Amino acid sequence: TPAHAALTKLVAGHISIALERSMLLDELRTNKEYLETILQTSADAIIVIDIDDRIRQWNRGAERMFGWPSHEMVGRPYDILVPKRLVQRGEPARLRELVTRDGFVTGFETEHLTRDGRHVIVNITATAIHDEVRKDLRADDLRKEARTLRRDLLTPLTRLRFGPSI
């Protein structure tokens with residue numbers, strides 16, 4: 001019957017969309033794992049800071065250089081690494097201003113503190129990360145995008161499980 005054919009076509013379309021999205025998610029997961037491996041195995045200290053100046057990523061190189069494990073640093077303010085005298089002079093704000101204005105900074109030499117209180121000289125390269133319309137990415141935005149993607153992926157499957165709405 002025509003209704004049966006339309007229903008079959010609808011189900012096939014939803015399955016096709018679900019399979020395509022599943023393959024895209026697998027590719028995305030593979031790329032994420034690859035980038036995470038690069039981040040974690042780098043000999044350099046790599047620290048990702050959000051626009052609220054909170055540490056979002058802390059790699060093994062940062063653990064070796066500064067002495068704190070990742071689980072103790074993620075979510076903490078970046079300024080914890082900066083000696084108080086440099087904070088009072090506005091150095092973190094100046095670095096943020098340069099990155100905001102130019103999109104990146106290279107060769108910014110300064111001091112940071114280690115877990116045991118030692119001062120170490122660091123040479124900072126910082127890059128602003130924006131989305132396609134140059135809006136600064138916040139952790140909240142990324143979580144919202146992940147929820148939206150999850151909802152979009154599950155919607156066709158939910159319709160299939162509970163039947164089409166005709």
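The figures here come from the full heavy-atom set of this structure, side chains too, leaving out hydrogens, waters and symmetry mates. Not measured: the values here are computed from a predicted model.
- Here the CZ atom belonging to Arg76 is positioned 13.5 Å from the CD1 atom belonging to Ile49, to the nearest 0.5 angstrom.
- Using cut-offs of 30° and 60° on the angle between ring planes, the pair Trp68 and Trp58 is perpendicular.
- A side-chain donor-acceptor contact under 3.5 Å links Asn59 to the backbone of Ile46.
- Contact of the Thr114 side chain with the His119 side chain is not registered, since no non-hydrogen atoms from C-beta on lie closer than 4.5 Å.
- Going from atom CZ of Arg56 over to atom OH of Tyr78 covers 15.5 Å, rounded to the nearest 0.5 Å.
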### Query
Should Leu95 and Glu91 be marked as a side-chain contact (heavy atoms from CB on, under 4.5 Å) after you check the CA-CA gap, both sets of side-chain angles, and the distance that decides it?
CA-CA 6 Å; Leu95 179 59; Glu91 188 171 284; 5.6 Å; no
### Task
Start with the C-alpha gap between Thr110 and His112, add the side-chain angles, then the distance that decides, and say whether side-chain contact (heavy atoms from CB on, under 4.5 Å) holds.
CA-CA 7 Å; Thr110 188; His112 277 18; 3.8 Å; yes
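- Using a distance-only test at 3.5 Å, with no hydrogens or angles considered, a donor-acceptor pair links the side chain of Thr100 to the main chain of Arg96.
- Side-chain heavy atoms closer than 4.5 Å link hydrophobic residues (I, L, V, M, F, W, Y) into clusters, and following such links, even through other members, never connects Ile38 to Val48.
- The main-chain N or O of Ala18 is never found under 3.5 Å from a side-chain atom of Ser22 such that the two would form a donor-acceptor pair.
- Follow the hydrophobic side-chain contacts under 4.5 Å out from Ile47 and you reach Val122 in the same cluster.
- With values rounded to the nearest 0.5 angstrom, Asn31 atom CG is found 11.5 Å from Arg29 atom CZ.
- Ion pairing of Arg118 with Glu111 is absent here, as no side-chain N (NZ or NE/NH1/NH2) approaches a carboxylate O to less than 4.0 Å.
- Of all heavy-atom pairs between Met73 and Ile55, the closest is O-CB, 3.5 Å.
- Here the straight-line distance linking atom NZ of Lys84 with atom CG of Asp79 works out to 9.5 Å at 0.5 Å rounding.
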### Task
Quick one: do Asn123 and Phe108 satisfy side-chain contact (heavy atoms from CB on, under 4.5 Å)? Show the steps, please.
CA-CA 5 Å; Asn123 191 316; Phe108 189 94; 5.7 Å; no
#### Entry: Stepwise side-chain contact (heavy atoms from CB on, under 4.5 Å) test for Arg94 and Arg89
CA-CA 9 Å; Arg94 194 179 78 190; Arg89 280 194 225 156; over 6 Å; no
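- Side-chain contact check for Asp53 versus Pro77: every heavy-atom pair is 4.5 Å or farther apart.
- Atom-to-atom distance recorded for Phe66:CZ and Leu81:CG is 5.5 Å, nearest 0.5 angstrom.
- Taking 4.0 Å as the cut-off between side-chain N and carboxylate O, Arg54 and Asp52 do not count as a salt-bridged pair.
- In this structure, Ala45 and Met65 approach most closely via the heavy-atom pair CB-SD, 4.1 Å.
- Thr37 contributes atom OG1, which lies 9.5 Å from atom NZ of Lys32 (distance to the nearest 0.5 angstrom).
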